[in-house]
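Before any comments, here is the structure.
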Amino acid sequence: MKLNELYKKLKSIHGSVGKWWPGTPEEIVITAILTQNTNWKNVERAMNNVKKRINENNILKELNSMPVEEIADLIKPAGFFNVKANRLKSLLEFLKSYDYNLGLLEKVPTNILRESLLKIKGIGKETADAILLYALEKPVFVVDSYTKRILERIFNIKICDYDEIQQLFMTYYPPNTSLYQELHGLIVEHAKKFCTKNPKCDKCPLNGDCYFSQMNRST
DNA sequence: CACCAGGCCCTAT
DNA sequence: ATAGGGCATGGT
């Protein structure tokens with residue numbers, strides 16, 4: 001299978017996942033931090049605590065008005081809560097310079113914005129790109145550990161470098177926000193089901209195309 | 001009990 | 001330049 005066939009194959013297996021990352025843009029900015037190396041279920045618990053505590057329409061501003069200790073307490077279920085509370089603070093301080101207005105932030109050219117996000121302590125490439133793609137609707141492909149695993153298992157492509165993988169996908173797929181949103185979502189959903197860390201790929205519907213399973217069979 | 005989850009930063013070679 | 005440790009909760 002070629003990389004440019006992955007999207008329609010995954011879609012035929014999992015159906016349409018739409019935008020995939022739930023929540024308003026403001027919530028997505030927050031969950032982008034919360035989900036770092038963390039199960040989504042725990043992210044939801046943490047995010048619910050935040051929403052329960054904040055009834056204002058400007059959730060970003062309200063959250064930033066709270067002391068870090070209080071934020072940490074709210075997001076406890078997401079794990080790494082001290083680290084993440086500080087990372088949220090850094091991000092919110094940055095957003096404050098745009099008056100917590102994501103619509104304003106959207107007007108900044110994507111590459112400039114990405115550089116700014118990467119300067120924030122606690123925001124790496126994946127988190128920055130997740131914010132760009134899902135909160136700000138920029139056509140930037142998000143790479144995560146699942147993406148690397150799928151490249152390795154299905155295509156026998158072993159690349160560690162984030163930018164290289166991103167370039168690979170953005171070469172094979174046109175810059176389309178909905179497409180990138182859905183493709184990343186499909187990759188995650190597929191990998192969670194069929195490409196677990198401990199390789200048990202036997203039930204994977206892509207086995208006929210899967211380089212990894214073919215290697216296993218021949219050995 | 002061990003291992004994993006929608007990463008990132010800091011430190012020691 | 002890059003491997004390794006720390007951060008921490010909840011599910012399997």
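Lettering of chains follows the sequences in order, A, B, ..., and the numbering in each one begins at 1. Since we're looking at a predicted model, the values are computed, not measured.
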Roughly how many Å apart are C/dA3 and B/dG6, using the P atom of each and rounding to a whole number? 24 Å
Atom NZ of A/K193 and atom P of C/dG11: how far apart are they, to the nearest Å? 20 Å
Regarding A/K19 and A/E137, does a basic nitrogen lie under 4.0 Å from an acidic carboxylate oxygen? yes
Carboxylate-amine/guanidinium contact A/E152 A/R149, below 4.0 Å: no
Which residues pass the salt bridge (charged side-chain N to carboxylate O under 4.0 Å, His left out) test with A/K197, sequence neighbours left out? none
Rounded to the Å, how far apart are A/L34 CG and C/dA8 C1'? 13 Å
Quick one: A/N82 CG to C/dA8 C1', roughly how many Å, whole number? 9 Å
Take nucleotides 4-13 of chain B nucleotide by nucleotide from the 5' end and write B, S or -, depending on whether a protein heavy atom sits under 4.0 Å from the base, only from the sugar-phosphate, or from neither. SBBBBSS---
Is any side-chain N of the basic residue among A/D99 and A/K96 closer than 4.0 Å to the acidic one's carboxylate O? no
What interatomic distance, in whole Å, is found between P of B/dC8 and the corresponding atom of C/dG10? 23 Å
Under a 4.0 Å N-O cut-off, is there an ion pair linking A/D129 with A/K138? no
Test of understanding: with salt bridge (charged side-chain N to carboxylate O under 4.0 Å, His left out), list the residues that count as partners of A/K121, not counting sequence neighbours. none
